[in-house]
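Single-structure report; data block below.
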Amino acid sequence: MTDVPVRLRKKYDTPRLLGMSNGVPMASVFAEPSTLRRKRHANYLTQQKPQLGDSFAMNHCFHFTIMYLSRILIAHLFGVLVYGLPHGSDPGQYPAKPSRKCTPDAFSTFLPPGGGVLYTQTVPANGTFTDASANATAQNLGASNTYPGLPAICAVKFTLPTPGNSSIDVALFLPDSWNERFMAVGNGVVSGSISWSEMASQSHYGFAVMSTNTGHYSGAVDGSWAVNNPEARTNWFYRAMHTSVVASKSIVNEYYGNDLQYSYFSSCSNGGRQGLKELTEFPDDFDGIIAGAPAWEISRLFLWMYEMALPNSRASLPDQVSNELFETFRQEAIKQCDPQDGVQDGIIADPYGCHFIPEALLCNGTAPANSMSCFSVPQLGILYSLLDDWVDVNQTFVHSRLTLGSDYSTLVYGKAPYGSLFLEKFLQFVESLDLAIDVEPTVDAFQAKGGKLLMYHGLADELIPPGDSILFHSLVQQDMAARGCSTDGWFRMYLVPGMEHCANTNQDAPWYFAQSGAAGAVAGAIYTTPGYRDAKHDIVLAMVDWVEHGVAPHEIVATKWYNDTVVRGMEKQRPICPYPAQAVYVGHGDVDIAGNWRCE
């Protein structure tokens, strides 16, 4: 049931396609010591990749492109002829019905040895799901245990065994009207909990939706579970997600008596990292992955967070930059950078292209001591230390910086829960790991099978700099070019002006496009984009359209409602463009209407 990461085995070998790993059954590989496994697959780690212009590389990419286009054409014709389903349609238009009962006894027959059903629950149309776990409140970290207004579903929660007497909890929402698709959702930071709210949102599309607790229950910033617990760390790193996906797909097929047709993943932050980890290590798990603000270099990320906090924490109290002063800095950044993008609307469209003059923040001698409206010379020195990428000795790049317009106080001043105590605990967590936790941007197997990746990142992200995603995109481009391939046919990245971490805005910018976690931040949004249920306004539908019909997304329209409340009406919309393109105002018409902008 469980596989080893694809980077540890030779790619494209026939035995792997037959459920073997270089001739060894996967069940044996699962229990094989990692040192022996790495030695056996050393041929892959040292193999040379064809260089740009190499005829093998060109033929290799062309071959898989033709295979994928043929698959899309067949799928499109089948969908139109049998279901009358053109591209761009909602995926919930040809439902399949369950063939089994929603009972513990029924599901117990679907589980692998050592697995157990914790409970099942039948939810009627427009009904409410309530987590029936004995310690649900603690497991859900104080969040709601009830989710109303659901479609008719069967909810099941079960446990799966993993090595070393460890285990993982998994939950599924199985709609009565199933669209023959599977959707997995991820987790935030190092939290251990079931993502019930995301499952509820995705179930409205008709997906069979899965979430895992990654092998433990804890708060988003509590890494204490990892200390002296190597199996729990491995579960969190990659094993829980992959194991849950493989088992859940089998359960879905058994429950409906019908094989699922497509598999998707959607999440943000650490959940985005989970998606990229699946893409690079287990490329067969998903056909399409939506990864928002992925913490793919998570070890460097938290070292950088700690480094960010040091200059301010070490300064004497009068010279420290307060929360209020960081807000003064943010407002000054908007004041200077906003006009430079051509439209003065309170939104920094291109923070990397802004020529910012920090000295404009200096007190002019008339401001009182400890003023909240200007910076002293020592305070400006602290700010200067934060405005550049983290570069170590010998000009070695370590990590990207926060962008102009983002809320620096979240990390530097230590807004809860991201204060120095959290950073110290997480550094201990990172140091306790006995495996590399960063994602290696090796994407060839996922690309070769026809997989699709949509990444997005807010340009005002206060936790994970968008430069991280730009770096990942660049590394993938370099890797593909070295093999004579391109990212155009399978990878799109979107940078969202004014959007903070995963959702919301601190610049009154359009930011909602039905991404992970977005519905919970807008009153009246349950799923999709209310009033605009199509692939141009909904990144989930855009992914479905791309995977199943070969219609690659170009611009995706982001929406902002007044006071982030749907019933108050749509305030503004704007296209977000595939990187490196940017939205440019056409020069006439209302700037709050998406049609008056173009990507270039």
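- Judged purely by atom type and a 3.5 angstrom limit, Thr212 has no side-chain atom pairing as donor or acceptor with the backbone of Met241.
- Listed by first and then second residue, the disulfide bond (SG atoms under 2.5 Å apart) pairs that reach into residues 239-279 are Cys268-Cys502, sequence neighbours excluded.
- Under the 3.5 Å distance criterion, with hydrogens and angles disregarded, a donor-acceptor pair is assigned to the side chains of Ser516 and Glu198.
- Here the two rings, on Tyr255 and Phe107, have centers that are under 6.0 Å apart.
- Judged purely by distance below 3.5 Å, without hydrogens or angles, the side chains of His457 and Ser469 pair a donor atom with an acceptor atom.
- A donor-acceptor contact closer than 3.5 angstrom links the side chains of Ser166 and Thr162.
- Residues Phe110 and Phe158 place their aromatic rings such that the two centres sit no closer than 6.0 Å.
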For the pair Lys560 and Thr505, evaluate side chain to side chain donor-acceptor pair (under 3.5 Å) and give the outcome as yes or no after the intermediate values. CA-CA 9 Å; Lys560 174 76 169 64; Thr505 178; over 6 Å; no
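- Remark: side-chain polar atoms of Arg492 are paired, donor with acceptor, to backbone N or O of Pro553 under 3.5 angstrom.
- Counting only distance, with no hydrogens or angles, the side chain of Trp546 and the backbone of His549 share no donor-acceptor pair below 3.5 Å.
- Side-chain contact, Thr559 with Gln573: a donor N or O sits under 3.5 Å from an acceptor N or O.
- Between Phe129 and Tyr147, the ring planes are parallel. Angles under 30° get that label, and only those over 60° would be called perpendicular.
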Mind running side chain to side chain donor-acceptor pair (under 3.5 Å) on Gln121 and Thr130 for me, showing each step along the way? CA-CA 9 Å; Gln121 188 176 140; Thr130 301; 4.9 Å; no
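- Judged purely by atom type and a 3.5 angstrom limit, Asp564 has no side-chain atom pairing as donor or acceptor with the backbone of Val522.
- There is no side-chain donor-acceptor pair under 3.5 Å between Asn235 and His216.
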Pair Arg533, Tyr205 - check side chain to side chain donor-acceptor pair (under 3.5 Å), show working. CA-CA 11 Å; Arg533 186 175 171 175; Tyr205 290 96; over 6 Å; no
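- What you find for Lys97 and Ser177 is that their closest heavy atoms are NZ-OG, 3.2 Å.
- In this structure, Asp287 and Gln261 approach most closely via the heavy-atom pair OD2-O, 4.2 Å.
- Across every non-hydrogen atom of Gly186 and Gln274, the tightest pair is CA-OE1, 3.1 Å.
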